[in-house]
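Everything on this sheet refers to the single structure shown next.
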Amino acid sequence: MSLRARRTRDRILEASLRLFNEQGAPHVTTNDIAQELGISPGNLHYHFRHKGDIVAELFARFRARADAILAVPAGRGTNVEDVWLFLHLLFEQVRDHRFLFRDLDELVSRDRRLRASLADVVDGVARTAGDLFRGLRAAGELRAGDEEIDALAQSVAMTVTYWLSYRALRPSPLVGEDPVGRGVFQALVAVAPFLRGESRSLLAGLSRRYLE
């Protein structure tokens, strides 16, 4: 692929992501994307035959970034800041690719491969959260049984997956409020009751940042 073609492809993906996030993927057509870029529909179709191909490529980019976040720190013990950073980075990707989560049911109903791939990501979120919690328990910073850790990890995965949909049903947020930041806060406060000593105090301080 030539440099010019690669640049055009990247521009299409950037414009599509912006329009999908603003309007929802079901409400954006390939003609809308071409018009936004000032190119012909034929030029766009040269790079992506269908809108589903654009969605798939955007998801692939999201997944690559999510997979990097899901890697548990190796070679050292787990601390509560690892949990905070994990959630913060993950919710940043949810914000940047929010159309995937806001239009979740409709998108996955149309594409079985997307459904399976997104399910893998959600499972990975729960698995990494569980590994982090078990690491905190091994360090004596968290008190919880195996079943409680598994349930807490699933709760974190559900919050990440459905937080934007939940917020869409709520009254309009306060001016300046970051709904994604509130999602991080919700996930963190669910962990707090299981923490001990300084870890609980540190997590409380990290959580309050999202309310300021």
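The figures that follow rest on heavy atoms only: side chains count, while hydrogens, waters and symmetry mates do not. This structure is a prediction, so every number in the text was calculated from the model and none was measured.
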With rounding to the nearest 0.5 angstrom, report the [atom1] to [atom2] distance, [X] to [Y].
| X | Y | atom1 | atom2 | answer |
| --- | --- | --- | --- | --- |
| Gln35 | Leu19 | CD | CG | 10.0 Å |
| Leu58 | His97 | CG | NE2 | 6.5 Å |
| Asp82 | Leu132 | CG | CG | 6.5 Å |
| Arg61 | Gln93 | CZ | CD | 12.0 Å |
| Leu104 | Leu164 | CG | CG | 10.5 Å |
| Asp120 | Arg63 | CG | CZ | 4.5 Å |

Neighbour count above 12 (heavy atom, 6.0 Å) for Arg143 CZ
no
Evaluate whether atom CZ of Arg115 has more than 12 neighbouring non-hydrogen atoms of other residues, nucleotides or ligands under 6.0 angstrom away.
no
Side chains of [X] and [Y] in contact at under 4.5 Å (non-hydrogen atoms):
| X | Y | value |
| --- | --- | --- |
| Ile149 | Phe194 | no |
| Phe86 | Val125 | yes |
| Phe59 | Val121 | yes |
| Val80 | Glu141 | no |

Check [X] against [Y] and note the closest heavy-atom contact, atom names and distance.
| X | Y | answer |
| --- | --- | --- |
| Leu44 | Ala34 | CD1-N, 3.8 Å |
| Ile54 | Ile12 | CD1-CG2, 4.2 Å |
| Ala153 | Gly130 | CB-N, 3.6 Å |

Evaluate the ring planes of Phe62 and Phe101, with Trp represented by its six-membered ring, and classify them as parallel (under 30°), tilted (30 to 60°) or perpendicular (over 60°).
perpendicular
Hey, which of [options] is the one that makes side chain to side chain contact (heavy atoms under 4.5 Å, CB included) with [X]?
| X | options | value |
| --- | --- | --- |
| Arg98 | Leu17, Asp103, Asn21 | Asn21 |
| Phe20 | Arg102, His27, Lys51 | Lys51 |
| Phe48 | Ile33, Asp53, Val55 | Asp53 |

Quick check: does any side chain N or O of [X] sit under 3.5 Å from a backbone N or O of [Y], one acting as donor and the other as acceptor?
| X | Y | answer |
| --- | --- | --- |
| Ser155 | Ala151 | no |
| His88 | Trp84 | no |
| Thr161 | Met158 | no |

Please determine whether a side-chain nitrogen of the Lys or Arg among [X] and [Y] lies less than 4.0 Å from a carboxylate oxygen of the Asp or Glu.
| X | Y | answer |
| --- | --- | --- |
| Glu14 | Arg18 | no |
| Arg127 | Asp131 | no |
| Arg7 | Asp10 | no |
| Arg137 | Asp146 | yes |

If two hydrophobic side chains count as joined below 4.5 Å and joins carry through other members, does [X] share a cluster with [Y]?
| X | Y | result |
| --- | --- | --- |
| Leu13 | Tyr46 | no |
| Val122 | Val184 | no |
| Leu89 | Val156 | yes |

Verdict with supporting geometry, Arg182 and Trp163, side-chain contact (heavy atoms from CB on, under 4.5 Å):
CA-CA 9 Å; Arg182 289 287 305 195; Trp163 176 251; 3.7 Å; yes
For the residue pair Asp32 / Thr29, report whether a side-chain donor-acceptor contact shorter than 3.5 Å exists.
yes
